[in-house]
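These notes are about the structure you will find just below.
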Amino acid sequence: MRESYDPAAVERAAQQYWDERRVFAAREDSARPKYYCLSMFPYPSGRLHMGHVRNYTIGDVLARYMRMQGYNVLQPMGWDAFGLPAENAAIANSMPPAQWTRQNIAYMRGQMKALGLAIDWEREFATCDAAYYHWNQWLFLRMLERGIAYRKTGVVNWDPVDQTVLANEQVIDGRGWRTGAPVEKREIPMYYLNITRYADELLRSLDELGGWPERVRVMQANWIGRSEGCEISFPYAPDTRAAVGVAGALKVFTTRADTLFGVTFMAVAAEHPIALAAARGDPRLAAFVEECRRGSVMEADVATQEKKGMPTGFHVLHPFTGEPLPVWVANYVLMGYGEGAVMGVPAHDERDFEFAQRNALPVVTVVGSPRGAYQEALAPWIGAYAEHGELVNSGQFSGLGFQAAVDGIAAALEVKGLGRKRVQYRLRDWGISRQRYWGCPIPLIHCAGCGQVPVPDKDLPVVLPEDLVPDGSGNPLAKTPSFYECACPKCGGPARRETDTMDTFVDSSWYFLRFACPDDKTRMVDERVDYWLPADQYIGGIEHAILHLLYSRFWTKVMRDFGSLKFGEPFTKLLTQGMVLNHVYSHQPPGGRKRYFNPADVYTRRAQDGAQIAEVATADGPLRVEHEGLGKMSKSEGNGVDPEGLVARFGADTSRLFMMFAAPPEQTLEWSDEGVQGASRFIRRLWHAVHGHVSAGEASRPVAGTLTREQRDLRRVAHQALAKATDDIGRRHHFNTAIAAVMELLNAVGQFADASPQGRAVRQEALEIAVLVLAPITPHVCHALWQGLGGPGPLIDVPWPKVDSSALAQDFHEIVVQVNGKLRGHVSVPANSDEATVREAALADERVRKFMDGKPPRRVIVVPGKLVNVVV
RNA sequence: GCCCGAAUGGCGGAACUGGUAGACGCGCCGGACUCAAAAUCCGGUUCUGGCAACAGAGUGUGGGUUCGAUUCCCUCUUCGGGCACCA
């Protein structure tokens with residue numbers, strides 16, 4: 001082996017070795033246990049960023065480790081290739097999204113290959129390949145046949161100037177990103193997938209996901225949001241009946257039916273039929289309804305906006321007392337959630353309380369909370385008001401506790417035909433229609449005579465034309481007759497093809513299945529899926545904890561119910577990688593569009609008053625930019641760091657080692673390349689240690705029982721490091737501490753000067769352990785070092801080493817002694833000492849006696865092998 | 001606003017099940033090598049007091065449980081993620 005470490009040469013040689021032998025091409029093999037190691041495929045945004053490097057290195061370490069453990073490993077890669085950024089790039093560069101996307105894929109594939117990932121590239125595909133999205137369309141039609149896909153109207157952000165539907169991301173402070181025009185809500189027909197049909201199963205089967213982080217399961221459970229409550233109907237009073245034109249009732253859902261006698265008003269969404277009916281005769285109300293129609297549809301905006309309301313002048317009747325209750329329009333009630341109406345109980349609900357205070361509505365206490373019920377009209381809200389308690393002022397139900405009250409009220413409502421118990425979910429059906437070009441076409445045809453007609457299976461896929469260039473106004477597909485003009489498959493008459501495309505979450509909801517059979521031209525999935533799936537380990541960012549993972553679980557269950565799959569959960573274990581954060585800098589000219597700047601281009605200086613000023617250099621001189629804090633590395637915020645420079649300067653192994661050493665995978669990481677020198681230095685030290693060792697000739701194996709104390713010490717350090725690294729990599733996925741253990745081992749090897757044959761044998765074993773443990777993390781240099789050490793066979797085929805437990809044995813234990821919980825001394829006791837011996841040794845210690853100050857021990861706590869605490 | 005996390009030296013982090021706080025690395029300081037620099041090697045490095053031995057304090061804030069709390073419970077603060085059309 002060469003004396004000095006040349007990362008470029010080492011990495012070229014190792015990658016060539018793997019490529020020539022196709023060592024990562026995975027084949028089904030019933031003789032070996034399989035391990036499907038899946039990382040979330042990237043959006044081809046142009047360049048990899050450090051979040052990608054982190055994600056794919058974690059996956060690669062696990063894949064290579066499990067291969068060493070004897071598993072038949074599949075690690076695939078593909079591209080989540082449809083999406084909005086390609087259209088934005090197209091607008092900016094007048095280039096078709098397809099061209100931009102495919103260029104990016106080619107570039108990023110090269111970057112990934114440079115990292116030396118153990119990927120089976122023969123399975124690669126992009127979701128914009130017709131051979132892939134063909135099956136999106138095929139399954140969508142099967143869902144349509146079974147009523148899982150259906151059509152209804154939905155609310156979108158509408159830019160009135162560009163006449164375009166905007167993504168939430170394109171709405172900035174309530175205005176369109178390009179035009180600056182105030183955004184409006186607009187209802188349009190859309191296609192939905194009936195995920196709520198699976199709400200109960202999606203919730204219950206979270207319990208089976210023992211390999212998922214607790215926090216993800218909690219987030220999903222809260223998102224699905226099962227609540228048990230009552231549906232209650234408030235019959236229209238005569239004024240409402242007259243305005244709406246028919247007799248009826250205002251239906252609400254509540255988890256607090258026990259507070260029914262405390263209802264003092266009703267609140268409906270601005271889009272509710274009662275609100276619209278009332279607005280027809282009231283210009284002020286009409287203006288308020290119009291105001292509510294403005295603004296974005298995002299829940300975060302709705303939840304934080306000022307709570308406003310206006311009375312309709314109409315009334316509904318209390319189901320028990322018959323008392324008329326005023327109906328208000330409120331901007332915080334959402335039409336798309338529940339019934340679009342809520343009952344207002346100001347005495348026992350904080351939001352209702354604030355609304356009542358603001359609008360001078362009465363407050364009626366109906367629950368005697370043990371910690372104090374609402375009394376004074378102007379008293380501030382306290383949490384106790386919302387607590388369960390005994391009912392008061394509630395007619396026949398007074399005196400009942402929470403559950404008895406809910407049961408009694410529900411039963412009585414049912415008798416009257418005005419309500420019943422019901423389970424409600426927060427989860428809403430999944431709207432998949434996008435009024436965009438760069439996505440999978442929805443395979444439907446609209447015929448004047450036949451209505452909505454599915455594209456026949458034989459005509460699939462409906463291929464997306466790849467040569468269009470969007471201009472930001474509307475969907476280019478809707479302006480392309482060669483795409484939308486077609487014949488009705490039923491009657492043969494002229495018809496119009498659907499121009500909406502599918503949400504890109506559809507593409508990513510099943511790609512992991514297709515990696516098992518990417519070449520099957522006749523079926524969506526085949527029997528190879530039964531071999532590889534479910535994926536044993538899924539790795540991806542915590543930001544996908546809800547949407548992507550929930551949609552993938554739903555899609556899997558649908559395919560299972562169609563008979564295509566034999567399992568209902570796609571990912572057995574989940575590792576949610578913490579985000580790699582970087583600073584976010586932006587500039588927004590008055591009335592103009594906000595632009596983001598990469599932190600690498602930003603420099604800061606001090607103003608005269610000492611304040612930090614951030615600027616970027618432009619052709620027109622320095623431009624002041626605003627620091628928005630830290631955020632995940634992303635294309636849209638322009639704060640990604642391209643790993644290319646790092647790899648070019650230090651090599652893939654150093655980059656991988658540095659990234660894995662920086663923090664455990666699940667932890668958020670603020671990007672900094674300080675410390676990368678340390679990773680580079682460590683690899684060079686290892687190289688020199690191996691080189692120095694092997695240039696002195698061959699070494700034998702150590703012979704147990706004949707070793708000196710120093711030789712036994714080094715063996716113990718080596719096997720301790722191996723035991724720790726095995727646990728850290730295999731179980732905990734804490735690669736940073738595994739690396740630290742190898743660093744300690746290398747430090748010990750450096751201290752070990754024994755050049756005797758036995759000494760050299762022990763050093764050989766220690767270096768082999770160091771190289772094998774690092775093999776999953778820094779595979780290229782370890783490939784070369786293994787050759788240098790004369791290890792048997794190529795590293796890629798070497799199994800994970802086994803801990804020699806006899807090497808770990810220790811004769812003495814260092815016991816920590818505390819007095820009153822404070823560290824006061826150490827004693828060394830033989831490893832097999834009993835509790836009494838340890839206690840005696842501790843009490844005999846001089847320093848311990850000094851701090852006991854002559855007082856007798858009140859209590860002595862002995863933790864075997866570790867610690868003694870003397871309480872005086 | 002709601003849901004989920006996180007906070008430990010100058011910095012990244014370690015302490016896994018309640019038992020020695022600061023492993024390992026970066027940076028910094030000192031030394032060796034060198035004409036010099038880089039690289040490399042050796043030593044030191046939580047803070048305060050002390051020449052030292054040593055003592056005291058210390059894991060975002062305030063409280064609680066415990067012989068013992070970075071770890072468990074409650075409060076608050078700050079930061080990050082998600083909130084259904086960014087992916």
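Heavy-atom basis, side chains included; hydrogens, waters and symmetry copies ignored. We name chains A, B, ... by the order of the sequence lines, and we start the count at 1 in each one.
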Under 4.0 angstrom, heavy atoms only, what part of the nucleic acid is [X] near: base, sugar-phosphate, or nothing?
X: A:Ser508; answer: nothing
X: A:Ser636; answer: nothing
X: A:Glu814; answer: nothing

key: Test item: A:His733 side-chain N/O and A:Ile729 main-chain N/O as donor-acceptor pair under 3.5 Å   = yes

task = Look only at the side chain of A:Thr778 and the backbone of A:Asp653, and say whether a donor-acceptor pair between them is shorter than 3.5 Å.
result = no

Would you please name every residue forming a side chain to side chain contact (heavy atoms under 4.5 Å, CB included) with [X], sequence neighbours left out?
X: A:Thr504; result: A:Phe82, A:Asp507
X: A:Val218; result: A:Glu214, A:Asn222
X: A:Val183; result: A:Asn157, A:Leu166, A:Val171

note = salt bridge (charged side-chain N to carboxylate O under 4.0 Å, His left out) filter on A:Asp503, not counting sequence neighbours, yields A:Arg434

query = In terms of the nearest nucleotide of RNA chain B, which residue is placed more toward the 5' end: A:Met743 or A:Lys850?
reply = A:Met743

message = If you assign A:Gln667 and A:Asp503 each to the RNA chain B nucleotide with the nearest heavy atom, which residue ends up on the more 5' nucleotide?
response = A:Gln667

[atom1] spacing across the pair [N] / [M], given as an integer number of angstrom:
N: B:U71; M: B:A7; atom1: C1'; value: 14 Å
N: B:A15; M: B:G9; atom1: C1'; value: 15 Å
N: B:C33; M: B:A38; atom1: C1'; value: 12 Å
N: B:G31; M: B:C76; atom1: C1'; value: 49 Å

Not counting sequence neighbours, which residues clear side chain to side chain donor-acceptor pair (under 3.5 Å) with [X]? List them please.
X: A:Glu628; value: A:Ser586, A:Lys594
X: A:Arg732; value: A:Asp728, A:His734
X: A:Asp162; value: A:Arg178
X: A:Arg358; value: A:Glu306

note = Min and max contacting nt of RNA chain B in 5' to 3' order, chain A heavy atoms within under 4.0 angstrom, are B:G1 to B:A87

Which pairs of donor and acceptor atoms, one on a side chain in residues 575-584 of chain A, lie under 3.5 Å apart (sequence neighbours left out)?
residue  : atom : partner  : partner atom : Å
A:Thr576 : OG1  : A:Glu666 : OE1          : 3.1
A:Gln577 : OE1  : A:Asn55  : N            : 3.3
A:Gln577 : NE2  : A:Gly51  : O            : 3.4
A:Asn582 : ND2  : A:Asn639 : O            : 3.1
A:His583 : ND1  : A:His627 : NE2          : 2.8

task = Would you write the dot-bracket representation of RNA chain B, where each base gets (, ), [, ], | or . depending on whether it forms a Watson-Crick or G-U pair under 3.5 Å and with which partner?
result = (((((((..(((......[....)))((((((.......))))))((((....))))..(.(((..]....))).))))))))....

inquiry  = Let's see if you get this right: which residues in residues 80-88 of chain A place a heavy atom under 4.0 Å from RNA chain B?
reply    = A:Asp80, A:Gly83, A:Leu84

